[in-house]
Amino acid sequence: MDEKYFPQEIEPKWQKRWADEKTFEVSEDHSRKKFYCLEMLAYTSGRAHIGHVSNYSIGDALSWYKRMRGFNVLHPFGWDAFGQPAETAAIKHGTDPEQFTREAIATMKAQFQKMGISYDWSREVATCDPKYYKWNQWFFIEMFKRGMIYRKKSPVNWCTKENISLSNEQASGGVCWRCGEPVIQKELMQWFARTTDYAGELLDALDKMEGDWPERVITMQRDWIGRSRGAQVTFKIADFDDSITVFTTRIDTIFGANAITLAPEHPLIAKLTEGTPQRDEVLTFAEKLKQQNRSARTLGELDKEGIFTGAYAINPFNNERLPIWVANFVLIEYGTGAVMGVPAGDERDFEFSRKYQIPFRQIKLTQEGREIPGDELGKPNEEWTTTVNTGEWSGLSSREANEKMTAYAEAHGFGKGSITYKLRDWGISRQRYWGTPVPMIHCEKCGTLPVPEEQLPVVLPKGVNLNVTEGSPLDHVPAFVNVECPQCQGAAKRDTDTMDTFVDSNWYYFRYCDPHNDQQPFAKEKIDYWMPVEQYIGGIEHAVMHLIYTRYWTKVMRDFGLVSFDEPVTRLLTQGMVCKETFYCPNKTCEHYEWLFPEEVSDDKRCNFCGTPVVVGRVEKMSKSKKNAVDPIEMIARNGADALRLFVLFAGPPEKDKEWSDEGFDGTARYLNRVWRVAYKWHSRISAAPSLEINQSALNEAQRKLRRRTHQLIRHLTENFEGRMHLNTCISSLMELTNEIYAFDQTVDKTGAATVTDAAVVRAALEALIRMLAPFAPHICEELWEQFGHRESLAKTAWPEFDEALAREEEVEIAVQVNGKLRSRIFVAPDADDDVLRATALADDKIKANLEGKQIVKVVVIPRRLVNVVIK
RNA sequence: CCCGCUGUAGCCUAAUGGGUAACGGCAACGGGCUUAAAAUCCGUGUAAUGUGAGUUCGAAUCUCACCAGCGGGACCA
């Protein structure tokens with residue numbers, strides 16, 4: 001055994017051996033329990049970053065632990081290989097997205113392999129592989145046939161910088177989620193998946209996921225799906241045959257309605273104004289409202305603007321004539337795109353009515369039962385809940401009025417109970433090249449038809465000019481576009497949209513279960529064995545989009561009969577970001593004004609270029625632009641992958657953000673050296689001594705203590721892995737165990753030569769340590785394990801068994817309080833009962849002194865913890 | 001504006017059904033080893049647990065209010 005620890009030699013050695021021996025490759029084995037540990041697939045940016053290390057270290061620790069506990073562990077990896085950045089990069093460098101992506105995968109794979117994560121690489125999947133995306137197309141067609149995917153013309157979010165359409169989620173806040181540019185509206189024919197069909201189930205199932213998914217992810221998904229229960233009410237239009245249907249959650253306020261308001265996109269506007277003098281004015285105004293910046297519209301910063309169409313609707317409850325308006329604050333995508341305005345019950349309607357001076361009636365009472373006239377009202381108050389001026393329903397509570405009036409509307413055929421969701425159908429079309437081609441054909445005679453299944457996959461053509469200024473690059477490839485109609489054999493055109501990459505990531509981890517299947521996306525019996533995922537680990541940024549779409553896709557696949565469960569992921573862990581402090585040169589005349597690299601800042605915190613004191617910025621997520629990123633590959637070269645992995649796990653609980661520290665990183669490397677040194681020191685003694693059955697009753701105090709601490713720490717690590725997964729505390733326990741071994745070593749040194757029993761006890765402690773450290777630092781542990789004479793990889797070695805009897809303390813310290821204040825400590829046997837504790841505490845000299853002349857009210861006894869004497 | 005999470009020594013973190021506030025690390029300081037330094041071994045703890053109240057024999061932990069930081073939502077009828 002080498003005296004020194006050389007991670008640069010050990011790590012490649014074990015990485016090679018694991019690969020040669022296929023240590024982590026698995027197959028279905030019905031005699032063993034399976035465990036599916038999954039980390040989110042990597043986007044092929046071309047470079048590993050510290051977030052990857054953090055993500056994979058968590059999953060690898062759990063995979064190692066479960067493997068050592070006897071589970072058949074599936075731990076696969078793959079690449080999120082389609083998407084806009086590869087296309088942008090290809091345009092910039094004059095290469096091809098495929099070449100760019102293949103090179104990125106090769107580079108990143110080599111980098112990730114240096115981390116030594118225990119992946120079954122034989123199951124690797126890249127989403128840009130036609131063998132993979134063929135099944136995206138297959139799913140698309142199956143869903144199209146069942147009406148679950150459809151096409152409609154709709155205003156889409158459009159990023160002018162990237163010339164790409166964005167989903168509502170991707171355009172959240174009115175800016176592009178990737179580049180931050182403001183988003184404009186553009187009308188296009190788009191493919192949509194009917195996610196709203198599953199909105200209710202997606203929402204309700206979240207209740208059962210409480211405790212297994214992070215609370216904030218569940219909250220975010222609930223908010224995003226956003227269910228409202230209410231009613232649809234149909235209003236006849238005076239002098240027209242048409243009617244307008246509105247959605248309202250407060251049908252009980254309908255007697256207070258003073259207008260019907262339509263979204264500017266509402267199809268009835270043109271008809272209602274036809275042949276009227278105000279027609280042009282209304283249409284122009286509606287057009288203006290449509291073009292209003294979506295960001296302001298969704299940010300709620302928009303001034304309310306509207307125009308009267310000249311038409312009137314009839315309130316079915318009281319036959320009042322209500323003017324029909326068009327206004328910008330009504331959204332076409334939500335509900336029916338039309339609302340009834342009730343100023344007394346809704347702040348928006350109140351504000352709008354006040355601005356345009358539309359009179360209205362009060363329909364609620366104050367708490368004292370007083371009616372508020374409209375002009376006295378500052379704004380609607382939700383505490384006013386009793387209904388007035390509401391015909392036969394006056395005097396009812398809101399809830400009661402809602403129920404009864406909905407039933408009335410239903411009975412009279414002008415309304416019904418209705419549920420509306422904030423969740424919209426998912427726009428999956430992209431007008432770009434680097435994605436899965438939509439497998440559809442447009443024929444002038446036969447309409448829109450799917451590509452016949454035997455012709456799948458529709459492969460992306462190569463050598464395409466990406467630098468087009470209009471539409472999609474695929475529009476400009478005649479050989480791709482011009483096809484024969486599968487029905488009439490006439491000339492037809494291929495659809496040139498590609499799919500959102502969230503389609504790829506919806507089901508990639510199903511594919512891992514059967515990655516080479518060319519007959520179907522996956523075989524059901526393999527899914528039945530491996531799925532669902534026991535533990536999924538990834539970033540919080542995927543809380544809404546990816547994790548809702550993949551849940552949706554699972555339910556679709558279930559309804560196709562492909563899988564037999566409802567939810568794909570049992571437990572979810574969202575890992576924190578790795579952050580670092582930032583430096584900023586505030587001198588605008590300096591050539592390096594703005595962010596600085598740490599090495600550009602002097603020890604006394606000045607800019608190296610201009611001498612100005614730097615601003616020490618906040619501790620932020622590592623990023624290229626803020627110049628605070630550390631390169632994991634450099635770190636591996638410095639201290640090894642084991643130390644790097646250990647550091648990111650030790651810096652804090654997995655779900656919390658962590659701060660990078662060079663000193664802390666060196667500290668974990670120092671720790672591994674410390675483990676190596678003590679293993680080296682005892683290596684020859686242990687090798688010389690035959691393995692020995694330890695006779696507990698013959699051990700001295702130091703030996704008993706080391707055994708006891710060993711088993712206490714086995715308990716701690718085991719419980720932590722099974723429960724909270726606070727891996728940082730596992731590592732501190734391992735350090736503690738290491739310190740105990742050193743302490744024992746010291747006592748042996750003081751008393752002279754080590755005995756055979758000493759060697760046996762240290763061996764037991766060290767081998768427990770090596771096995772428990774393996775999930776965090778597998779290379780060094782495999783090496784030490786081999787040095788200690790074991791032939792079999794730790795991956796095939798059992799986790800240490802916890803022995804309750806050996807962990808038991810011989811004596812415990814009990815705090816003794818008087819009126820809640822600590823006054824003394826006593827030592828008793830751990831199983832001492834209440835009477836013994838009470839008697840021992842009261843007999844204590846310090847306690848006696850405190851009780852002098854006082855009356856004991858009661859004595860609280862907590863076994864193994866404390867005694868509290870309450871006095872007066 | 002609404003909702004949620006977090007707040008513990010100089011710093012990061014622990015305390016798992018209220019029960020002795022430091023398990024571990026970083027930094028600092030002292031000592032051993034060394035001609036010296038590095039490395040290494042041993043040792044050293046300095047907090048009214050963000051602020052204020054409440055419940056309790058007892059609160060970092062439960063309740064309320066406030067402050068700070070972070071995150072989510074925000075004309076969704």
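Residue numbers start from 1 in every chain, and the chains themselves are labelled A, B, ... in the order their sequence lines are given, proteins ahead of strands. Being a predicted model, the structure only gives us computed values, none of them experimental.
Taking the side chain of A:Q817 as heavy atoms from C-beta on, and the options B:rU20, B:rC76, B:rU16, the nearest nucleotide is B:rU20. Considering only side-chain atoms of A:M735, the nucleotide from B:rG71, B:rG25, B:rU20 that sits closest is B:rG25. The side chain of A:R865 has B:rU20 as its nearest neighbour among B:rU20, B:rG73, B:rU16. Closest to the A:K422 side chain, of the nucleotides B:rA27, B:rA14, B:rG73, is B:rG73. Side-chain atoms of A:H716 lie closest to B:rU16 of the nucleotides B:rU16, B:rG24, B:rC41. Listed candidates were B:rC42, B:rU20, B:rG25. Nearest to the side chain of A:N739 is B:rG25. The side chain of A:M220 lies closest to B:rG72 when the candidates are B:rC76, B:rU20, B:rG72.
A distance of 8.5 Å separates OG1 in A:T253 from CG in A:D346, rounded to the nearest 0.5 Å. A distance of 11.5 Å separates CD of A:Q817 from OG of A:S824, quoted to the nearest 0.5 Å.
The partner of B:rC66 is B:rG50, by the rule that a Watson-Crick or G-U pair needs both atom distances under 3.5 Å. Using the Watson-Crick or G-U wobble rule with both distances under 3.5 Å, B:rU34 pairs with nothing in any strand shown. The partner of B:rU20, taking Watson-Crick or G-U wobble pairs whose two distances both stay under 3.5 Å, does not exist in any strand shown.
For the ring-ring contact (aromatic ring centres under 6.0 Å, His included) condition, no pair includes a residue of residues 723-742 of chain A, sequence neighbours left out.
Rounded to whole Å, atom C1' of B:rU20 lies 14 Å from atom CG of A:L837. Between A:R216 atom CZ and B:rG71 atom P there is a gap of 10 Å when expressed in whole angstrom units. In this structure, CG of A:L773 is placed 17 Å from P of B:rG24, rounded to the nearest angstrom. Regarding A:K750, its NZ atom lies at a distance of 11 Å from the C1' atom of B:rC41, rounded to whole Å. Remark: C1' of B:rG24 and CD of A:E740 are 12 Å apart, rounded to the nearest angstrom. The distance between atom CD of A:E215 and atom C1' of B:rG71, rounded to the nearest whole Å, is 14 Å. Atom C1' of nucleotide B:rA39 and atom CZ of A:F6 are separated by 13 Å, given to the nearest angstrom. A:L203 has its CG atom 14 Å from the C1' atom of B:rC76, to the nearest Å.
For A:F414, the ring-ring contact (aromatic ring centres under 6.0 Å, His included) partners at least two apart in sequence or on another chain are A:F317. Applying the side-chain contact (heavy atoms from CB on, under 4.5 Å) rule to A:P775 yields the partners A:A61, A:W64, A:F721, A:W799; only residues at least two apart in sequence or on another chain are considered.
Taking atom P in both B:rC42 and B:rU6, one finds a spacing of 37 Å when rounded to whole Å. Nucleotides B:rA36 and B:rG24 are separated by 32 Å at their P atoms, to the nearest Å. Rounded to a whole angstrom, the distance from the P atom of B:rU46 to that of B:rG10 is 11 Å. The P atoms of B:rC41 and B:rC57 are separated by 50 Å, rounded to the nearest whole Å. Distance noted for atom P between B:rG72 and B:rU56: 41 Å (whole Å). Rounded to whole Å, the P atom of B:rU61 lies 13 Å from the corresponding atom of B:rU20. B:rU44 and B:rU63 have their C1' atoms separated by 41 Å, with the value rounded to a whole Å. Only the C1' atoms considered, B:rU8 is 26 Å distant from B:rC3, to the nearest whole Å.
Geometric assessment of A:K304 against the ring of A:F329 yields a positive cation-pi assignment under the 6.0 Å and 45° thresholds.
Counting any heavy atom pair closer than 4.0 Å across all strands shown, A:S661 reaches no nucleic acid atom.
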Handout entry: Where protein sits on nucleotides 59-64 of chain B, one letter per nucleotide: B base, S sugar-phosphate only, - none, heavy atoms under 4.0 Å
Key = ------
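A salt bridge does not link A:D223 to A:R216: none of the charged nitrogens lies less than 4.0 Å from a carboxylate oxygen. A salt bridge does not link A:R677 with A:E3: none of the charged nitrogens is closer than 4.0 Å to a carboxylate oxygen. Salt bridge annotation for A:K4-A:D2: absent, with no cationic side-chain nitrogen under 4.0 angstrom from a carboxylate oxygen.
Using a 4.0 Å cutoff on non-hydrogen atoms, the parts of residues 669-681 of chain A near RNA chain B are A:R670, A:R674, A:R677, ordered by number.
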Please list, pair by pair, any protein nitrogen or oxygen found under 3.5 Å from a nitrogen or oxygen in nucleotides 10-13 of chain B.
residue, atom, partner, partner atom, Å
B:rC12, O2', A:A651, O, 3.2
B:rU13, OP1, A:K656, NZ, 3.2
B:rU13, O3', A:N728, ND2, 2.9

